[in-house]
Protein chains: 2
Amino acid sequence: MAGKYMTHGTKVPEHPLSCVGEDELSDLAELFKMFADSTRIKILYDLTGGEKNVTEICEDLEMNQSAISHQLKLLKTAKLIGCRRSGKQMIYFLADDHVKTILAMGKEHIEE
Amino acid sequence: MAGKYMTHGTKVPEHPLSCVGEDELSDLAELFKMFADSTRIKILYDLTGGEKNVTEICEDLEMNQSAISHQLKLLKTAKLIGCRRSGKQMIYFLADDHVKTILAMGKEHIEE
DNA sequence: CCGACAAATGAACTGATGTTCATATATGAT
DNA sequence: ATCATATATGAACATCAGTTCATTTGTCGG
């Protein structure tokens with residue numbers, strides 16, 4: 001499928017990166033950006049053990065509430081986590097198992 | 001293996017994040033940082049098609065040589081790429097198939 | 001309605017990161 | 001040795017990203 005054809009069947013050399021759209025590359029970078037910070041990785045790992053509210057996450061990571069909330073927002077925007085309200089509390093959870101897979105993948109590479 | 005035991009067999013609640021070392025988390029973040037930039041992702045994708053020298057990469061990405069060299073250095077330090085000299089040129093290549101796997105993984109998540 | 005608690009938000013500060021420009025190093029050809 | 005080409009490197013600059021602090025919003029109990 002790669003490469004367009006000229007009038008007489010000669011293949012036009014396709015740009016080496018044209019197979020992946022510029023937008024897609026950006027999205028990919030954005031996705032990995034979410035995993036590119038210790039705090040966010042810790043949050044994701046923390047949620048691996050099941051859903052938790054903000055205060056619990058703060059305690060687990062030993063970080064202040066504001067910092068955590070800001071990061072939770074980013075993770076939510078990236079659709080890596082979801083949340084629901086339960087009374088005064090906000091319960092966060094991993095959006096899907098893809099997150100676990102990606103973490104495991106990275107971990108595996110490190111232990112090479 | 002999780003949790004230490006007190007004198008009489010009572011389990012001490014283990015810190016929710018203690019299963020993954022602080023250092024390991026940092027390494028993981030460092031790894032993903034490499035994928036968290038469009039330029040670097042483009043370089044990696046470019047090398048997916050086989051080894052290339054610096055000039056070729058510059059042409060493919062349409063970016064100036066210095067910017068590329070700086071990024072190549074980062075990728076090399078992270079051991080995601082390797083290189084060898086061939087005359088005046090420096091040939092870069094993906095360090096292993098792990099890189100491809102991670103890229104594919106991310107791509108897959110995006111197209112969810 | 002009011003006070004207490006949980007979480008979100010915005011502004012400010014700080015440190016990290018990517019690009020550019022100028023220059024240095026390395027290799028091969030003459 | 002000198003020159004041209006290929007790549008690396010360092011400093012400067014501008015932008016971005018994470019944390020903190022102060023404040024606000026939202027929810028429950030009285």
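Because the structure is predicted, anything quoted here is derived from the model rather than measured.
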- Message: Which residues in residues 49-59 of chain B have a heavy atom closer than 4.0 Å to any atom of DNA chain D?
- Response: B/N53, B/V54, B/T55
Set of salt bridge (Lys or Arg N to Asp or Glu O under 4.0 Å) partners for [X], sequence neighbours left out:
X: A/K33; value: A/E30
X: B/D27; value: none
X: A/E51; value: A/R84
X: A/E56; value: none

Rounded to the Å, how far apart are [X] [atom1] and [N] [atom2]?
X: B/L75; N: D/dT7; atom1: CG; atom2: P; value: 16 Å
X: A/F35; N: D/dA17; atom1: CZ; atom2: C1'; value: 18 Å
X: A/I43; N: C/dA7; atom1: CD1; atom2: C1'; value: 13 Å
X: A/I81; N: C/dA7; atom1: CD1; atom2: P; value: 13 Å
X: B/L61; N: D/dT7; atom1: CG; atom2: P; value: 14 Å

Can you name the atoms? Protein N/O to nucleotides 19-21 of chain C N/O, anything below 3.5 Å, with the distance.
from   : atom 1 : to    : atom 2 : distance (Å)
C/dT19 : OP1    : B/T39 : OG1    : 2.9
C/dT19 : OP2    : B/Q71 : NE2    : 3.1
C/dT20 : OP2    : B/N64 : ND2    : 2.5
C/dT20 : O4     : B/H70 : NE2    : 3.2
C/dC21 : N4     : B/S66 : OG     : 2.5

- Query: Would you say the side-chain atoms of B/S69 and B/Q65 include a donor-acceptor pair closer than 3.5 Å?
  - Reply: yes
- Message: Which is more 5' along DNA chain D, the nucleotide nearest A/L74 or the one nearest B/L72? Just name the residue.
- Response: B/L72
- Task: Establish whether B/I91 and B/I81 are linked, either directly or via other cluster members, by ILVMFWY side-chain heavy-atom contacts under 4.5 Å.
- Result: no
- Task: Please list, chain by chain and in numerical order, all residues satisfying side-chain hydrogen bond (donor to acceptor under 3.5 Å, both in side chains) with B/D37, sequence neighbours excluded.
- Result: none
- Item | side-chain hydrogen bond (donor to acceptor under 3.5 Å, both in side chains) partners for A/N53, two or more places apart | A/Q89
- Who passes side chain to side chain contact (heavy atoms under 4.5 Å, CB included) against B/K88, sequence neighbours left out? none
- Taken in chain and number order and not counting sequence neighbours, the residues that satisfy side chain to side chain contact (heavy atoms under 4.5 Å, CB included) with B/K79 are none
- Query: Which residues in residues 82-95 of chain B have at least one heavy atom lying under 4.0 Å from any atom of DNA chain C?
  - Reply: B/R85, B/G87, B/K88
- Of the nucleotides D/dA8, C/dA8, C/dG18, which one has an atom closest to the side chain of A/Q65? C/dA8
- Check whether any side-chain N or O of A/R40 sits under 4.0 Å from OP1 or OP2 of D/dG18, and answer yes or no. yes
- Not counting sequence neighbours, list each pair that qualifies as a salt bridge (charged side-chain N to carboxylate O under 4.0 Å, His left out) and has a residue in residues 89-101 of chain B. none
